[in-house]
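Throughout, protein chains are lettered first and strands after them, A, B, ... in sequence-line order, and every chain is numbered starting at 1.
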Amino acid sequence: MAEKSTYYITTPIYYPSANLHVGHTYCTVMADAMARFKRLRGYDVMFLTGTDEHGQKIQQIAEEVGDTPKEYVDRVVADIKELWSVMEISYDDFIRTTEDRHKRRVQEIFRKIYEAGDIYRGVYEGWYCTPCESFWTDTQLRNAKCPDCGREVVRAKEDAYFFKLSAYADRLLALYEEHPEFLEPETRRNEMTRFIKQGLEDLCISRSSFDWGIEVPIEEGQVIYVWLDALSNYITALGWPTVDGTPGEHDKYDKYWPADVHLVGKEIVRFHSIIWPAMLMSLGYPLPKKVLGHGWLLLDGGKLSKSKLAEAGQDKARRNIVDPVELIERYGVDALKYFLLREYTFGQDGQFTTETMLQRVNSDLANDLGNLLSRTTGMNDKYFGGVIERPVALFADGPITSAETAVDVAVDARDGELIALALGAAAKVERHMDSFEFNRALETIWELISRSNKYIDETEPWTLAKTDGDRERLGQVLYNLAESLRIVSVLIQPYLHWSSEKIREQLGLDSGAVVWGDAQVFGLEAAYRTAKGENLFPRIDIEKEFASIAEG
RNA sequence: CGCAGGGUAGAGCAGUUGGUAGCUCGUCGGGCUCAUAACCCGGAGGUCAGGGGUUCAAGUCCCCUCCCUGCAACCA
């Protein structure tokens, strides 16, 4: 037997200069959904996230609050890990660039690229703000002043090491040409192609003006500058390149590299699709299969930023919450996850407002899904004491596994329609997930939920309940609804883990035993013992909610 | 200046290779009473930013104009 297929997915490693906002959450939630989906499909998944902890900015912030950089990032990283834990982010490894396993390998990478002749010593020249001790490029300056403090900057130089990025322009263009799937969406690839054709400069990869970083292995007083350090995490976490020769050191590298997808925000597509492959080319390592750039969540038409966050706190009447911790405390993990995955089109920017999220949660989660479960279990409890057997009349030949059979076999056209839709959903979800269309995957599942709600209205179980002779049909209807909900519980499992479990609980199913193939079988359960529980998603009174948010 | 995207119903968005303009929310009307005042059905609402062109046929392809946004080497 062949080994299980592997799937390696990464998020960027976040910069812990401050706590994360809902934009970081967006990226991580997508990666988590994909990782869970692939696991459910039987892949051996490696899902990596982490933090990029070096650099001048963190050194400065730590000094301001009187901490060492390490103390400072330890605290922020603890919060980040706590957030991922609350959100049930199923990462397999969390790499911190301050960890020894990373630092030693980054130095090894530096050495190898140096030995390959792609690193040389030169002079970095830029605008320097003396009070901030920061270098800035021409375009970073604001009105020719320091963008941080607004004070004068001076032209300054320092010795530094450079990576011969310019030497890789042709090979990068060839990569995009021969493997367009390497960089998606297409618009990002167009941007990068243009960018390369404008001419690549060599990349400054070390600094001597601050010391919070990994030391350059061949010279004291220089630390490795961001990209070489940060991008390397995708292989250092897998134990590559080898530095200590311990048995099994690079097993994960052998197994999972090259990565199937680096999920990144559109603003760092350039680093992942130009610098990173160039580094790997220099090292002679295989390239990742895909870099995928997602869009941004926008707040009031602009990107999420600290100043925006401050403003957001000012507008009491319709304050937008962008702190994921607060969103989760108020509305729950699945509400946030569902909204992020359902509302936005991958690759494009989208407006984020708390009001839109609450509307989405009310209509899709409370009214459609929660209510469907409530009415189904409620009627089953009321009419059958919660116990319902698989109706022999409908499943005389056993469970149904194809939509065509469903339509042929069904005694009632509405049954056939419902069953056919339920059986076809999994394949559609798979197709949409293959192209990272989370919104469409969820849309597909919600078509089944809507059809189920409609099925209740069409079959009118409350009318059937009034006549003894209709009792058999009533049982069929409720069984079909339970089966439909069971399939929903499988389909939503990668996205709404918590809800999936709650639904299965109320249906009397084992929560731990979700198998994807079960979504392609109708009539699987021989009997249901349902028990109506608490409402999955209580309706939110949006006006009252805003009043409460304003009081804060 | 350069490069890359957008402009589609009141709001937010979909619209593969050109073939009757869709979805969600909201709104209006109706139905139902199992359910979380939820659910189901139906209606109204768009000269697809503007102009020109190609075509039997253009939201879709080509040209021009206007408006918005992103990138330009440390922002998810």
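Nucleotides C28(B) and C66(B) are separated by 42 Å at their P atoms, to the nearest Å. Between A76(B) and C39(B), the distance separating the two P atoms is 38 Å to the nearest Å. Using C1' as the reference atom, G46(B) and G15(B) are 14 Å apart when rounded to the nearest Å. U69(B) and C13(B) have their P atoms separated by 15 Å, given to the nearest Å. Taking atom C1' in both A58(B) and C48(B), one finds a spacing of 11 Å when rounded to whole Å. Taking the C1' atom of each, U60(B) and A49(B) are spaced 16 Å apart, rounded to whole Å. Across the C1' atoms, U17(B) and A57(B) are found 16 Å apart, a figure rounded to whole Å.
Nearest to the side-chain atoms of L536(A) among the listed nucleotides U36(B), A73(B), C40(B) stands U36(B). Listed nucleotides C13(B), C34(B), A76(B) differ in distance to T345(A); the shortest reach to its side chain belongs to C13(B). Here the nucleotide nearest the side chain of R375(A), chosen from A76(B), U36(B), C39(B), is C39(B). Here the side chain of K532(A) is nearest to one of U36(B), A73(B), A76(B), namely U36(B). Among the nucleotides C40(B), C34(B), A73(B), the one closest to any side-chain atom of K382(A) is C34(B). Closest to the Q351(A) side chain, of the nucleotides A72(B), G12(B), C39(B), is G12(B).
For residues 363-388 of chain A, the set of pairs meeting the salt bridge (charged side-chain N to carboxylate O under 4.0 Å, His left out) definition, not counting sequence neighbours, comprises R360(A)-D364(A), R375(A)-D457(A).
The salt bridge (Lys or Arg N to Asp or Glu O under 4.0 Å) test applied to E267(A) returns no partner, not counting sequence neighbours. Here R473(A) pairs with D412(A), D415(A) under the salt bridge (Lys or Arg N to Asp or Glu O under 4.0 Å) rule; sequence neighbours left out. Shown here are the salt bridge (Lys or Arg N to Asp or Glu O under 4.0 Å) partners of E458(A), two or more places apart in sequence or in another chain: R451(A). Applying the side-chain hydrogen bond (donor to acceptor under 3.5 Å, both in side chains) test to E545(A) and every residue at least two apart in sequence or in another chain returns R330(A), Y331(A).
As rounded to whole Å, 6 Å separates atom C1' of C75(B) from atom CH2 of W296(A). When rounded to the nearest whole Å, the span between CD1 of I540(A) and P of A38(B) equals 13 Å. Put simply, CD1 on I268(A) is 18 Å from P on G70(B), counting in whole angstrom units. The separation between Y344(A) atom OH and A76(B) atom C1' is 13 Å, rounded to whole Å. Between R471(A) atom CZ and C34(B) atom P the separation is 16 Å, expressed in whole Å. Spacing between atom CZ of R270(A) and atom C1' of G70(B) amounts to 12 Å, rounded to whole angstrom units. As a whole-Å value, the separation of E343(A) CD from C13(B) P is 8 Å. In this structure, the CD atom of E267(A) is 6 Å from the P atom of A76(B), given to the nearest Å.
Other residues, nucleotides and ligands place no more than 12 heavy atoms under 6.0 Å from the CG atom of D468(A).
Remark: the R194(A) side chain and the C3(B) base include no donor-acceptor N/O pair separated by less than 3.5 Å.
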Enumerate all atom pairs, one protein N or O and one N or O from nucleotides 21-32 of chain B, separated by less than 3.5 Å.
from, atom 1, to, atom 2, distance (Å)
G31(B), N2, D457(A), OD2, 3.3

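Residue order along RNA chain B, read from the 5' end via each residue's closest nucleotide, puts L365(A) first among L365(A) and Y14(A). Taking the nucleotide of RNA chain B with the nearest heavy atom to each of I456(A) and E437(A), the more 5' of the two is matched to E437(A).
In this structure, R440(A) fails the cation-pi test against F346(A), since its NZ or CZ atom is not both closer than 6.0 Å to the six-membered ring centre and inside 45 degrees of the ring normal.
Screening E443(A), E447(A), E437(A) for a salt bridge (charged side-chain N to carboxylate O under 4.0 Å, His left out) with K428(A), the sole residue that qualifies is E447(A).
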